[in-house]
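One structure below.
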Amino acid sequence: MPEQVIKYRGRLAPSPTGLLHVGHARTFWIAAQRASEHRGTLILRNEDLDPQRCRRELVDAMYEDLRWLSIQWSEGPDCGGPYAPYSQSERREFYVDAWRTLRDTGAIYPCTCSRKDVAQAAAAANNDVDDEPLYPGTCRQRTDASNFSTPEGVNWRFRIPDGQEIAFDDEHLGPQRYIAGQDFGDFLIWRRDDVPAYQLAVVVDDAAMRVTEVVRGADLLKSTARQLLIYRALGLQTPQHYHCDLVRDESGVRLAKRHDALSIRHLRESGWIPEQVLKAAGLEY
Ligand code: GLU
């Protein structure tokens, strides 16, 4: 029997929380290029989970800006596909199912600490301010997870294997290694305001949509280590990872961190052509 060849499936996963900028152009262009080099399928997933931060008009702007850059996808909210729906706001049942599995296996626990409690403890421990603060473990010993039939009302955290090394080979950046409990702590899976956390939603969707390679910015490297733990806990097959270099300005500041981050929309309105945007993103057209 010939070995079954698994067809490349990649994805673009923008969040409609702001206009796409030059850094997104870089990541999405590379994602599209890798899918095309592998003669694979490219999916567009609208990561509109957080009702407080996402705006409907930005969803249309996202599609338009991507098309203007000649980035094409063949599955997505606008064109459908075998793993629809492709907008996270319509996929709650998938996340609830995963939450239930994690609850039943003791992988997660309910947490009633406020954001302020966690931030204060993390500040005292001098944590990386760019990242989710290291959780001090206050609610870790709770054993009442099975009293909850739905995730609502409290935060839910993943109980990480303290001290364990989480390693993976990045397709672009090579071997990566993180230590659970040092580089990151018990992280959020579900928020008290009843929004599934990014870490859970992205794993559930990448697995359900049969994504074989995740292409995204290097700012998410540490999140990949967290997500590998979720894949393991849910018994799901892990995709490959390709983390793109971040675009920085002349003084080395990450574009996404600048308030005036160059949006593709504004550049286009001021007369730029796609080639110029891609050049500013450090790419050859
Ligand atoms: N929606 C996420 C973002 O815009 C994408 C994360 C990912 O690609 O995993 O940052």
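Residue indices begin at 1 and follow the sequence shown. Atoms within each ligand, like the ligands themselves, are counted from 1 in listed order.
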Report the relative orientation of the aromatic rings in W73 and Y63; use parallel for angles under 30°, tilted for 30 to 60°, perpendicular for over 60°.
-> tilted

Between ligand 1 and the protein, which N/O pairs are shorter than 3.5 Å?
{"residue": "ligand 1", "atom": "1 (N)", "partner": "A13", "partner atom": "O", "Å": "2.8"}
{"residue": "ligand 1", "atom": "1 (N)", "partner": "S15", "partner atom": "OG", "Å": "2.8"}
{"residue": "ligand 1", "atom": "1 (N)", "partner": "E47", "partner atom": "OE1", "Å": "2.6"}
{"residue": "ligand 1", "atom": "4 (O)", "partner": "S15", "partner atom": "OG", "Å": "3.4"}
{"residue": "ligand 1", "atom": "8 (O)", "partner": "R11", "partner atom": "NH1", "Å": "2.7"}
{"residue": "ligand 1", "atom": "8 (O)", "partner": "R11", "partner atom": "NH2", "Å": "3.4"}
{"residue": "ligand 1", "atom": "9 (O)", "partner": "R11", "partner atom": "NH2", "Å": "2.9"}
{"residue": "ligand 1", "atom": "9 (O)", "partner": "Y198", "partner atom": "OH", "Å": "2.8"}
{"residue": "ligand 1", "atom": "9 (O)", "partner": "R216", "partner atom": "NH1", "Å": "2.7"}

Tell me, please, which residues at least two apart from R39 pass side-chain contact (heavy atoms from CB on, under 4.5 Å).
-> none

Listed pairs under 3.5 Å, donor-acceptor, residues 234-247 side chains, sequence neighbours left out:
{"residue": "H243", "atom": "ND1", "partner": "D170", "partner atom": "OD1", "Å": "2.6"}
{"residue": "H243", "atom": "NE2", "partner": "T224", "partner atom": "OG1", "Å": "2.9"}
{"residue": "D245", "atom": "OD2", "partner": "H172", "partner atom": "NE2", "Å": "3.1"}

Among F148, Y95, Y135, find the one that has a ring-ring contact (aromatic ring centres under 6.0 Å, His included) with W156.
-> F148

If you look only at distance, which donor and acceptor atoms sit under 3.5 Å apart when one is on a side chain in residues 173-184 and the other is two or more places apart or in another chain?
{"residue": "Q176", "atom": "NE2", "partner": "L173", "partner atom": "O", "Å": "3.3"}
{"residue": "Q176", "atom": "NE2", "partner": "G174", "partner atom": "O", "Å": "3.2"}
{"residue": "R177", "atom": "NE", "partner": "E165", "partner atom": "OE1", "Å": "2.6"}
{"residue": "R177", "atom": "NH2", "partner": "E165", "partner atom": "OE1", "Å": "3.4"}
{"residue": "D183", "atom": "OD2", "partner": "I179", "partner atom": "N", "Å": "2.7"}

Kindly work out whether a path of hydrophobic side-chain contacts (I/L/V/M/F/W/Y, heavy atoms less than 4.5 Å apart) joins L220 to I189.
-> yes

